[in-house]
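The first residue in the sequence is number 1, and the count goes up from there.
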Amino acid sequence: MTAGWGYVASFVLGGLVALAEIVSRYRDKPFSAIRAPGAFFYVALNGAASLSALWLSRTFGITFGASGNALLVTQVLVASFGAVAFFRTSLFVTRIGDADVGIGPSSILATLLSAADRSVDRRRATVRSQEVAELMARVSFDKAHIALPTLCLALLQNVSPEEQENLAGAVNALKAVNMSDRQRSLALGLRLMNLAGPDVLKAAIAALGDEVAATAPAPIGSQLVAGAPVPG
């Protein structure tokens, strides 16, 4: 591997690390999230961090104990998978007001990554609002809060006990909160979308049919009331 290809590989691997992080954060439709402009910026920024780490390791002769043909490969791997961790470190921490603020590369990178993450989150929020309104238009929370989560969990095969407990806690919280049946139905749908994705939720609603149907279907455009809490 030449030095030029090493930089290319470092950028690509660093970008893949960012893609994996996005996929893990937006589980309802991960491949939709990575098409957002903010996601491209996030990937490019992580790739640039990997390039910078590789350049630094080569410039200062950091070998990580490797030599010969394995040296460049080792430098590329360390730069690609360790760059984000390195650039998120702080040289020292100072207290500003009531918060501890890290001073160093982390302060710059964290701001940029937060902006990119917020962009992706806002884009997905708009789409999710439309999806959950359509999926839960005919669903009554009072009829569905036991059967619908149970069926979604049964359809999935890799839900951890912790995720099941979190879902049960969120449903119990919705039962106690002072919201209308429609508002709680939308909140339940969002929670189930996070866990199972919209396609599984749609299939579960279709399978249950009239057993979870509301007396009067809500308008498709209806959304959560402003300020209403969404447990979970």
Side-chain angles (χ1 to χ4, degrees), residues 16-36 38-39 42-43 46 81-82 84-85 88-89 99-100 102 106 109-110 113-114 116-136 139-179 181-208 211-212 223-224 227-232:
L16 289 176
V17 171
L19 283 177
E21 187 173 352
I22 293 173
V23 168
S24 67
R25 290 168 66 87
Y26 300 95
R27 296 181 298 173
D28 59 337
K29 279 193 173 180
F31 295 105
S32 176
I34 63 178
R35 292 197 295 268
Y42 192 88
V43 169
N46 278 268
F81 296 103
V84 175
R88 285 178 177 172
T89 59
D100 293 327
S106 63
L109 187 63
L113 292 180
S114 177
D117 191 38
R118 182 72 62 172
S119 173
V120 177
D121 203 13
R122 287 173 177 170
R123 184 177 186 273
R124 285 297 305 141
T126 302
V127 176
R128 279 159 53 81
S129 176
Q130 297 169 350
E131 288 179 337
V132 75
E134 294 175 0
L135 289 172
M136 305 298 287
V139 177
S140 165
F141 176 84
D142 288 339
K143 294 181 179 179
H145 71 273
I146 295 177
L148 188 57
T150 300
L151 182 55
C152 286
L153 290 175
L155 290 172
L156 299 171
Q157 301 181 62
N158 297 296
V159 181
S160 68
E162 181 181 2
E163 289 175 314
Q164 295 182 41
E165 291 177 4
N166 290 339
L167 178 59
V171 173
N172 289 332
L174 281 172
K175 289 166 59 179
V177 74
N178 184 22
M179 296 166 61
D181 184 82
R182 175 60 179 165
Q183 293 162 3
R184 287 186 291 176
S185 175
L186 289 171
L188 175 64
L190 286 170
R191 181 67 190 188
L192 291 175
M193 281 174 56
N194 290 344
L195 181 66
D199 292 337
V200 173
L201 177 58
K202 182 178 180 180
I205 293 171
L208 291 169
E211 295 181 42
V212 297
Q223 299 175 350
L224 286 172
V230 181

How would you list, by chain and number, every residue that makes a salt bridge (Lys or Arg N to Asp or Glu O under 4.0 Å) with Glu163, sequence neighbours excluded?
-> Arg27
Set of salt bridge (Lys or Arg N to Asp or Glu O under 4.0 Å) partners for Asp142, sequence neighbours left out =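 Salt bridge (Lys or Arg N to Asp or Glu O under 4.0 Å) check on Asp142 returns Arg184.
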Within 6.0 Å of NZ in Lys202, more than 12 heavy atoms from elsewhere | no
Where [X] and [Y] come nearest, the two heavy atoms and their spacing:
X      : Y      : answer
Ala133 : Leu186 : CA-CD2, 3.9 Å
Val139 : Ala144 : CG1-CB, 3.6 Å
Val43  : Ala18  : CA-CB, 3.8 Å
Leu148 : Met136 : CD2-CE, 4.1 Å
Pro149 : Val171 : CG-CG2, 4.2 Å
Leu151 : Ala204 : CD2-O, 3.6 Å

Nearest 0.5 angstrom please: [X] [atom1] to [Y] [atom2], how far?
X      : Y      : atom1 : atom2 : value
Lys143 : Ser185 : NZ    : OG    : 11.5 Å
Glu134 : Ser129 : CD    : OG    : 10.0 Å
Leu188 : Leu135 : CG    : CG    : 11.5 Å
Leu195 : Leu167 : CG    : CG    : 6.0 Å
Asn166 : Asn194 : CG    : CG    : 11.5 Å
Leu208 : Thr150 : CG    : OG1   : 9.5 Å

Side-chain heavy atoms of Arg191 within contact of Leu174, under 4.5 Å | no
Check whether any side-chain N or O of Asp181 sits under 3.5 Å from a backbone N or O of Phe141 as a donor-acceptor pair, and report yes or no.
->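 Side chain of Asp181 to backbone of Phe141, a donor-acceptor pair under 3.5 Å: yes, one is there.
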